[in-house]
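Values reported hereafter were calculated over all heavy atoms of this structure, with side chains retained and with hydrogens, waters and symmetry mates removed. Along the sequence shown, the residues carry numbers beginning at 1.
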Amino acid sequence: MTSKELMELDQQYVMNTYGRFPVAIDHGKGATLYGPEGDKYIDFTSGIGVNSLGYGNEDWAKAIYEQALKLGHMSNLYYTEPCVKLAKTLCERSGMSCAFFGNSGAEANEGMIKLARKYSFDKYGEGRSTIITLVNSFHGRTITTLNATGQDVFHNYFFPFTEGFRYAEPENIADLIQKSDKDVCAVMLEVIQGEGGVQPLSKEYVQTVADLCKKNDWLLLIDEVQTGIGRTGSLFAFQDYGIQPDVVSFAKGIAGGLPMGGFLAAEHVRGVLSAGTHASTFGGNPMASAAALKVLETLNEDFLVKVQAKGEYMVKQFAAMGSPHIAGVRGKGLMIGLQLTGMNNAELCKNLMARGVLTLTAGQNVLRLLPPLTISLEEIDEGIEIIKGLLGN
């Protein structure tokens, strides 16, 4: 099928909820994608941080194929080996106690919210259900996670939203304390705000929030939907902050391209969501779990060191450009944001696409880069050279 035929069918039969670019993708290898007509693209997006092992990864595909022949899906009323092994691996490598599996990041964050509110209800009764999130945060597109998101642009159309959220300014402990009251049960944050513009929080701020949570018996909820599973050069970004959350969510890169999300809980809250209080039909799906196990097997310590090195290399290359259009470079590992000046990020994204590089936008005029964790230096150099040609000196 040609690109034109694909786009025409999409317009006719698919709900138009995405502002799609006029590009069709047919297949890929490594971090390079190809259209139906053979057009080539260096991918600095990895499906918005999902395709952690890139494209055409035979070990990953084999793991899914072999599991599909054994068992494609099974109800969570029964036990399956891939799900149990995945939970064990995640807990051992994160220091958490138990796992819940779902399908997406928004669903994972919904589960964290439910756990926090039930924890407080069980211990203190009604009236202690407010969760503090941060201005500029993004936590999902369900009715609840939209209101958990600290950006006014998302607070429209779908009224009434689920109540019980309050927003504090990042890096402002005084504001967080001012926004807290006896009705607070948890604080939820991203240690690096992704959709908000690749904005890392300081270690001092995050550790102070963690101390406040412990002091007040608020649960500390860390949203690692975008930062988790090797994206920043650690399995979870919180591991570089010297904290241990009460609950941490994950999704995107966990299964390397199959739909999966979930959250991990600490020992003291592992029993909060008891039988019948939370569920997900496809959670822990055997094929998705097998894919996730292959991802985690690949993301060993040596691999994660290479992710850090690739990220540092990219940051240095952008900093060395001396472009008047780059006001700053920030991020960690292969989660990088270029703060632009004198150039619109959406227009730059389109122009780069036309020249063979796929990128993302985020926040206030930021070009966001989330390449596959397996990207080669050759692919990095090829993509950066094209970006350099547009940003100029």
Side-chain angles (χ1 to χ4, degrees), residues 19-23 25 28 30-33 35 39-49 51 54 136 138 151 153 170-171 190-202 226-227 230-233 237 240 306-393:
R20 298 197 202 274
F21 292 115
V23 168
I25 301 298
T32 305
L33 294 168
D39 296 325
K40 175 184 169 183
Y41 304 92
I42 300 298
D43 182 25
F44 279 0
T45 73
S46 61
I48 313 185
N51 301 308
N136 207 44
F138 182 84
Q151 298 186 58
V153 68
E171 302 296 332
E190 311 152 275
V191 293
I192 303 176
Q193 294 182 327
E195 301 291 334
V198 192
Q199 299 276 7
L201 299 178
S202 69
Q226 189 165 152
T227 55
R231 175 54 53 187
T232 65
D240 290 329
K306 292 176 182 176
V307 170
Q308 295 172 23
K310 291 175 187 176
E312 291 168 2
Y313 176 79
M314 291 182 72
V315 168
K316 287 179 182 178
Q317 292 297 307
F318 289 121
M321 279 184 191
S323 170
H325 299 296
I326 299 179
V329 185
R330 56 180 180 257
K332 190 171 178 60
L334 288 174
M335 182 176 183
I336 298 170
L338 305 183
Q339 183 67 58
L340 302 176
T341 180
M343 183 176 285
N344 179 269
N345 61 351
E347 286 302 314
L348 178 59
C349 194
K350 291 178 183 178
N351 290 332
L352 286 170
M353 179 188 63
R355 288 162 176 77
V357 178
L358 303 184
T359 58
L360 299 162
T361 60
Q364 296 297 314
N365 212 30
V366 173
L367 190 74
R368 181 173 37 147
L369 310 177
L370 303 171
L373 304 182
T374 54
I375 190 170
S376 67
L377 285 177
E378 291 76 16
E379 289 169 317
I380 289 174
D381 285 340
E382 188 174 349
I384 287 178
E385 194 62 28
I386 295 172
I387 294 174
K388 184 177 179 180
L390 272 180
L391 290 178
N393 293 316

If we only count heavy atoms from C-beta on, is the [X] to [Y] side-chain gap below 4.5 Å?
X    : Y    : answer
I384 : I386 : no
P371 : D43  : no
L360 : L369 : no
L201 : I192 : no
L33  : L358 : yes
K310 : L373 : no
Q199 : E171 : no

For this session: Take F138 and Q151 through the side-chain contact (heavy atoms from CB on, under 4.5 Å) test and state the conclusion after the steps.
Result: CA-CA 7 Å; F138 182 84; Q151 298 186 58; 4.0 Å; yes

If I take atom [atom1] from residue [X] and atom [atom2] from residue [Y], how far apart are they, to the nearest 0.5 angstrom?
X    : Y    : atom1 : atom2 : value
L391 : N351 : CG    : CG    : 10.5 Å
L338 : M314 : CG    : CE    : 8.0 Å
K350 : F21  : NZ    : CZ    : 7.0 Å
L352 : L367 : CG    : CG    : 6.5 Å
L334 : F44  : CG    : CZ    : 9.5 Å
L370 : T359 : CG    : OG1   : 10.5 Å

So which atom in [X] and which in [Y] form the shortest heavy-atom distance, rounded to 0.1 Å?
X    : Y    : result
P372 : G30  : CG-O, 4.5 Å
Q308 : T232 : CG-O, 4.4 Å
M353 : P22  : CE-CD, 4.1 Å

For this session: Enumerate the residue pairs fulfilling salt bridge (charged side-chain N to carboxylate O under 4.0 Å, His left out) with a member in residues 352-370, sequence neighbours excluded, ordered by first and then second residue.
Result: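 Every salt bridge (charged side-chain N to carboxylate O under 4.0 Å, His left out) pair that includes a residue of residues 352-370, provided the two are not neighbours, is E195-R368.
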
Exercise. Do any pairs count as a salt bridge (charged side-chain N to carboxylate O under 4.0 Å, His left out) and have a residue in residues 316-341, sequence neighbours left out, and if so which ones?
Worked result: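 Sorted pair list: D240-K332.
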
Name the atoms and distances for all side-chain donor-acceptor pairs under 3.5 Å in residues 341-349, with sequence neighbours left out.
residue : atom : partner : partner atom : Å
N344    : OD1  : A346    : N            : 2.9
N344    : OD1  : E347    : N            : 3.0
N345    : ND2  : V366    : O            : 3.1

For this session: Taking salt bridge (Lys or Arg N to Asp or Glu O under 4.0 Å) as the test, write out the residues that go with K306, two or more places apart.
Result: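 None.
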
Exercise. Partners of E385 by salt bridge (Lys or Arg N to Asp or Glu O under 4.0 Å), sequence neighbours excluded?
Worked result: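 For E385 there are no salt bridge (Lys or Arg N to Asp or Glu O under 4.0 Å) partners, ignoring immediate neighbours.
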
Exercise. Does the pair T227 and E190 meet the rule for a side-chain hydrogen bond (donor to acceptor under 3.5 Å, both in side chains), with working shown?
Worked result: CA-CA 8 Å; T227 55; E190 311 152 275; over 6 Å; no

Exercise. When you measure from the side chain of Q339 to the backbone N and O of Q364, does any donor-acceptor pair fall under 3.5 Å?
Worked result: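 Indeed, once roles are kept as given, a pair shorter than 3.5 Å links the two residues.
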
Exercise. Just by distance, do the side chain of S323 and the backbone of H325 share a donor-acceptor pair under 3.5 Å?
Worked result: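 Present.
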
Exercise. Of all residues at least two apart in sequence or in a different chain, which pass the side chain to side chain contact (heavy atoms under 4.5 Å, CB included) check with S376?
Worked result: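 With neighbours one apart ignored, the set is E378, E379.
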
Exercise. Could you go step by step and tell me if Y313 and I380 meet the side-chain contact (heavy atoms from CB on, under 4.5 Å) rule?
Worked result: CA-CA 9 Å; Y313 176 79; I380 289 174; 3.9 Å; yes

